[in-house]
Amino acid sequence: SAPSFPSLPDPLVKMLSPAQAIVVYTDKEVYGAVGSRVTLHCSFWSSEWVSDDISFTWRYQPEGGRDAISIFHYAKGQPYIDEVGTFKERIQWVGDPQWKDGSIVIHNLDYSDNGTFTCDVKNPPDIVGKTSQVTLYVFEKVPTRYGVVLGAVIGGVLGVVLLVLLLFYVVRYCWLRRQAALQRRLSAMEKGKLHKPGKDTSKRGRQTPVLYAMLDHSRSTKAASEKKAKGLGESRKDKK
């Protein structure tokens with residue numbers, strides 16, 4: 001009989017088998033004004049190369065509704081607009097499968113278009129994965145997005161922080177430069193004080209021999225005058 005080999009546990013088999021999970025991306029929310037158009041972006045990531053059998057499917061669930069209907073389908077290189085609902089004459093295909101793009105445009109928006117749109121992508125053999133949803137809000141006039149306002153606030157705060165940091169570094173640089181100048185002045189003054197005693201000592205050293213010479217000269221002069229006076233006294237005695 002042929003030898004039997006132990007079977008691998010299921011978790012290990014899943015780890016060794018190649019992962020085939022497609023990931024779909026859409027915006028979370030989009031906004032449009034009545035009578036205008038809006039682009040519903042859809043892209044994906046796949047572990048496989050883009051297949052010739054790739055397909056994109058868009059479904060729509062009205063606001064407050066329970067059921068989703070198919071409004072667009074792309075397969076075999078051809079777009080197909082479903083002849084159901086109010087989107088049949090207002091949808092335009094703008095995607096490109098080679099760029100992993102399955103986006104569509106909805107023209108002539110109306111309040112009734114409010115709802116959730118779901119993008120589903122299949123890239124055989126990579127067909128396992130979750131869909132992605134985007135919610136459309138239609139207004140009479142598109143309001144300023146909260147994200148734009150938040151971005152402006154964050155940008156302003158960052159600008160103020162950068163300005164404060166710049167001022168801090170400028171003040172710090174000026175203060176350090178002033179401290180360095182004061183340090184140089186103090187060092188120069190200390191060096192001057194150290195050199196002055198040396199100069200006085202040298203002067204005193206030069207003055208000392210002069211003082212001794214003056215003292216010797218005064219002594220010799222005094223001795224010569226005493227000797228001269230003594231000689232005059234003796235000569236007067238001899239005359240007597």
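Any value given below was found using the heavy atoms of this structure, including those in side chains, with hydrogens, waters and symmetry copies removed.
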Residues which pass side chain to side chain contact (heavy atoms under 4.5 Å, CB included) with [X], listed by chain and number, not counting sequence neighbours:
X     : answer
Glu63 : Asn114
Gln78 : Tyr80
Pro79 : Phe72, Tyr74, Trp93

Test your reading of the model: is there a side-chain donor-acceptor pair from [X] to the backbone of [Y], 3.5 Å cut-off?
X      : Y      : value
Thr26  : Gln133 : yes
Asp96  : Asp101 : no
Asn123 : Trp49  : yes

Looking only at non-hydrogen atoms, find the nearest pair between [X] and [Y] and report the distance.
X      : Y      : result
Asp126 : Ala21  : OD1-N, 3.4 Å
Cys42  : Ser103 : N-OG, 3.2 Å
Ser46  : Ile22  : CB-CG1, 4.2 Å

In chain order, what residues pass the side chain to side chain donor-acceptor pair (under 3.5 Å) check against [X], with sequence neighbours excluded?
X      : value
Asp120 : none
Gln92  : His107
Lys76  : Asp53
Asp110 : Ser112

Remaining members of hydrophobic cluster (4.5 Å side-chain criterion), [X]:
X      : result
Val160 : Val164
Trp99  : none
Trp45  : Val23, Tyr25

Are Val38 and Tyr111 grouped together when hydrophobic residues (ILVMFWY) are joined by side-chain heavy atoms under 4.5 angstrom apart? yes
Would you compute the distance between atom [atom1] of [X] and atom [atom2] of [Y] and round it to the nearest 0.5 angstrom?
X      : Y      : atom1 : atom2 : answer
Thr135 : Leu40  : OG1   : CG    : 10.5 Å
Ile54  : Ile127 : CD1   : CD1   : 13.0 Å
Lys88  : Ile81  : NZ    : CD1   : 11.5 Å
Phe56  : Ile104 : CZ    : CD1   : 11.5 Å
Gln61  : Ile69  : CD    : CD1   : 10.5 Å

The test is side chain to side chain contact (heavy atoms under 4.5 Å, CB included); show your working for Val50 and Lys100 and say whether it passes. CA-CA 8 Å; Val50 176; Lys100 299 182 178 181; 4.1 Å; yes
Contacts of Tyr137 meeting ring pair (Phe, Tyr, Trp, His ring centres under 6.0 Å) (sequence neighbours excluded), chain-then-number -> Tyr31
Can you tell if the side chain of [X] reaches within under 4.5 Å of the side chain of [Y], non-hydrogen atoms only?
X      : Y      : value
Cys119 : Phe44  : no
Ile106 : Phe117 : yes
Leu136 : Leu109 : yes
Phe87  : Asp113 : yes

Check residues 172-182 and write down every donor-acceptor pair under 3.5 Å in which the side-chain atom is one partner and the other belongs to a residue at least two apart or another chain.
none

